[in-house]
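Working notes, structure below.
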Amino acid sequence: MTDALCNCMLADSIFSGGPRFNRTQGVNMNRGLRIAVALLGVAAPMLAAGCGKHEAQATAVPAPAMKPAPPTPIDAKKAEAGGPTWDPQWDKIVELALPPAMLSGQVPHDVKRFCPAFYWMPEDDKRAFWAYFFQALAGAEAGLEPTVQAKHTQPEMEVKDEVTGRAGRTSGLLQLTYEDAKRYGCDFDWERDKKLGVKDPARTILQPKNNLECGVKILDHQIIEKHKPLLSASGYWSTLRPGTVSYRVFAKQMTNVPTACGRGPEKSLRGTR
């Protein structure tokens, strides 16, 4: 039994009158009891804090089971060449950011294109799959480089960002925009970032944690809240729009998914050419 719990029980006993006393004992203990109650009046906030702390510790939620994701082809190639690679800590960022619905049967069925066993895998394998998925997405979008900035000239991308006032600019591992902070509640701060260099890693939008957590929110919005397929012509990323050049780049990165997904890499590009 912890000291905090013992103190809580003692406080409860004294404030509720404690054990029953006979008349003589009550007279003899009256003065001492009054002193004890007065002292406890001072100590009560401390004891209450101790009780609260004990309760918080007792109800703490354990961290979910997680597994590292295997390397994508671009990650393996860059490792051989000494270039920027996927940081294994980014797996953890993605896996901790996943909402319960993305580990459930609510995930659209086209996830089986890349992970046929998704629906009956343990949760730690599902988390590893999503970590791999976002690694592949970051490989196709930014070559796994966190500080990449892009200026797009395609008509569909020439839309002014309501936050920055600029058009066609995307940033970071998943090539996101500052407007995503308004749309999806992402942790980007344009007022702070505009004072920093374009590729300064201190920019909030370029920090891998912020960028990846935002990506999870965007995908969750698409496939869970909006009930759209994982691969959709109206999806946020062109890399997830079948039939595009960038989709073929992404699909090639999905050739080394976790073995728990239940199929070999030779099937991963089926229907993508």
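Heavy-atom basis, side chains included; hydrogens, waters and symmetry copies ignored. Bear in mind that the values here come from a model prediction, so they are computed numbers and not experimental data.
Linking ILVMFWY side-chain heavy atoms closer than 4.5 Å, directly or via other members, places Val111 and Trp120 in a single hydrophobic cluster. Placement of Val198 and Leu176 in two distinct hydrophobic clusters is found when ILVMFWY residues are connected by side-chain heavy-atom separations under 4.5 Å, directly or transitively. Criterion: ILVMFWY side-chain heavy atoms under 4.5 Å apart, direct or through other members. Under it, Tyr236 and Val148 are not part of a common hydrophobic cluster. Residue Phe134 is not grouped with residue Val249 when hydrophobic side chains (ILVMFWY) are merged at heavy-atom distances under 4.5 angstrom, including chains of intermediate members.
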Test side chain to side chain contact (heavy atoms under 4.5 Å, CB included) on Trp130 and Val107; report intermediate values, then the result. CA-CA 11 Å; Trp130 285 122; Val107 173; 4.0 Å; yes

Pair Arg113, Leu231 - check side chain to side chain contact (heavy atoms under 4.5 Å, CB included), show working. CA-CA 10 Å; Arg113 176 175 293 195; Leu231 306 175; 3.7 Å; yes

Would Asn256 and Tyr132 count as a side chain to side chain contact (heavy atoms under 4.5 Å, CB included) if you check the C-alpha gap in whole Å, the side-chain angles of each, and the deciding distance to 0.1 Å? CA-CA 9 Å; Asn256 192 35; Tyr132 183 90; 3.4 Å; yes

Decide side chain to side chain contact (heavy atoms under 4.5 Å, CB included) for Leu219 and Leu230; before the verdict, give the C-alpha distance in whole Å, the side-chain angles of both, and the deciding distance to 0.1 Å. CA-CA 8 Å; Leu219 191 63; Leu230 183 64; 3.9 Å; yes

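A donor-acceptor pair under 3.5 Å links the side-chain atoms of Trp237 to the main chain of Leu174, judged by distance alone. One N or O on the side chain of Thr244 and one on the backbone of Ser238 form a donor-acceptor pair closer than 3.5 Å. Between the Gln135 side chain and the Pro70 main chain, a donor and an acceptor come within less than 3.5 Å of each other.
Taking every heavy atom of both residues into account, Tyr119 and His109 meet most closely at OH-CA, 3.1 Å. Between Gln222 and Ser232, the shortest heavy-atom contact is NE2-CB, 4.2 Å. The two atoms that bring Ala97 and Val216 nearest to each other are O-CG1, 3.6 Å, heavy atoms only. Nearest heavy atoms, Pro116 versus Cys261: CD-O, 3.2 Å. Considering all non-hydrogen atoms of both residues, Asn211 and Gly172 come closest at ND2-CA, 3.7 Å. Listed here is the closest heavy atom pair of Leu173 and Pro208: CD1-CB, 3.9 Å.
For the atom pair CZ of Arg203 and CG of Asn210, the computed distance is 13.5 Å after rounding to the nearest 0.5 Å. Atoms CE and CG, on Met102 and Asp220 in that order, are 6.0 Å from each other to the nearest 0.5 Å. Interatomic distance, SG of Cys115 versus CG of Asp125, reported as 8.5 Å (0.5 Å rounding). A distance of 6.0 Å separates OG1 in Thr177 from CZ in Arg183, rounded to the nearest 0.5 Å. Here Asp180 contributes atom CG and Gln175 contributes atom CD; the two are 11.5 Å apart, rounded to the nearest 0.5 Å.
Other members of the cluster containing Met66 are Leu96, with ILVMFWY side chains joined at under 4.5 Å, either directly or via other members.
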Donor-acceptor contacts, no H, no angles, side chain residues 78-89, under 3.5 Å, sequence neighbours left out:
unit_1, atom_1, unit_2, atom_2, d
Lys78, NZ, Gly143, O, 2.5
Trp86, NE1, Asp91, OD1, 2.8
Asp87, OD1, Gln89, N, 2.9

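Residues that satisfy the ring pair (Phe, Tyr, Trp, His ring centres under 6.0 Å) test with Tyr178, not counting sequence neighbours, are Trp190.
Other residues, nucleotides and ligands place more than 12 heavy atoms under 6.0 Å from the NZ atom of Lys194.
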